[in-house]
Amino acid sequence: QVQVVESGGGLVQAGASLRLSCAASGRTFSNRPMGWFRQAPGKAREFVASISRSGGNTQYADSVKGRFTISRDNAKNTVYLQMNSLKPEDTALYYCAAANIAYTSRTYGSENEYAYWGQGTQVTVAS
């Protein structure tokens with residue numbers, strides 16, 4: 001069982017940066033791929049980024065490539081999402097999730113592969 005709690009959201013101006021954090025509990029955290037997803041008002045939840053259990057593999061949505069960076073610190077049971085050059089279209093509720101399958105070096109872009117979700121942290125980018 002893994003529990004995750006997101007933090008770090010806020011209101012920023014376009015072009016600014018934010019770093020989201022996802023604190024996880026559970027003995028298998030370090031063995032699970034982790035992901036970030038987001039949901040804007042009136043839209044479906046969408047994939048943002050994923051990272052393998054070691055951090056050696058990452059995957060990004062095309063809309064955030066080159067601007068966002070996912071990383072993890074397994075010693076701290078924490079995953080991060082560094083967001084640079086933020087745009088108004090990045091405004092959304094951002095969710096952290098832990099993959100259902102542990103002990104794999106894969107990354108996952110589908111929310112169906114994630115079993116453990118946080119409550120989300122709001123990011124609002126003003127133009």
Separation of [Y] [atom2] from [X] [atom1] (nearest 0.5 Å):
X: Ser30; Y: Asn74; atom1: OG; atom2: CG; value: 5.0 Å
X: Gln122; Y: Thr91; atom1: CD; atom2: OG1; value: 7.5 Å
X: Thr69; Y: Tyr80; atom1: OG1; atom2: OH; value: 14.0 Å
X: Asn57; Y: Ser50; atom1: CG; atom2: OG; value: 9.0 Å
X: Ser105; Y: Asn31; atom1: OG; atom2: CG; value: 10.0 Å

Between the main-chain N or O of Arg19 and the side-chain N or O of Gln82, is there a donor-acceptor pair closer than 3.5 Å?
no

Between Gln119 (side chain) and Glu6 (backbone), is there a donor-acceptor pair under 3.5 Å?
no

Apart from Phe47 itself, what residues make up its hydrophobic cluster when side-chain heavy atoms of I, L, V, M, F, W and Y under 4.5 Å apart count as a link, directly or indirectly?
Phe37, Leu93, Tyr95, Ile101, Tyr108, Tyr114, Trp117

Which residues, ordered by chain and number, are linked to Val2 in its hydrophobic cluster, where ILVMFWY side chains connect at heavy-atom gaps below 4.5 Å, directly or through other members?
Val4, Val12, Leu18, Leu20, Phe29, Met34, Trp36, Val48, Ile51, Tyr60, Val64, Phe68, Ile70, Val79, Leu81, Met83, Leu86, Tyr94, Tyr116, Val123, Val125

Where [X] and [Y] come nearest, the two heavy atoms and their spacing:
X: Ala126; Y: Leu11; result: CB-CD1, 4.3 Å
X: Arg67; Y: Ser85; result: NH1-O, 3.0 Å
X: Arg38; Y: Ala92; result: CB-CB, 3.8 Å
X: Ser127; Y: Ala14; result: CA-CB, 4.4 Å
X: Arg32; Y: Arg72; result: O-NH1, 2.8 Å

Might you confirm whether atom CD of Glu89 has over 12 heavy atoms from other residues, nucleotides or ligands at distances under 6.0 Å?
yes

Under the side chain to side chain donor-acceptor pair (under 3.5 Å) rule, collect the residues that match up with Thr107, sequence neighbours excluded.
Gln59

Of all residues at least two apart in sequence or in a different chain, which pass the side-chain contact (heavy atoms from CB on, under 4.5 Å) check with Asn100?
Ala115

Show every disulfide (SG to SG under 2.5 Å) that has at least one partner inside residues 32-127, sequence neighbours left out.
Cys22-Cys96

Quick test of your reading: applying disulfide (SG to SG under 2.5 Å), list the pairs with at least one residue in residues 98-127, sequence neighbours left out, ordered by first then second residue.
none

So do Thr121 and Ser7 actually touch side chain to side chain, heavy atoms under 4.5 Å?
no

Tell me whether Lys65 is salt-bridged to Asp62, with the criterion being a basic N under 4.0 Å from an acidic carboxylate O.
yes

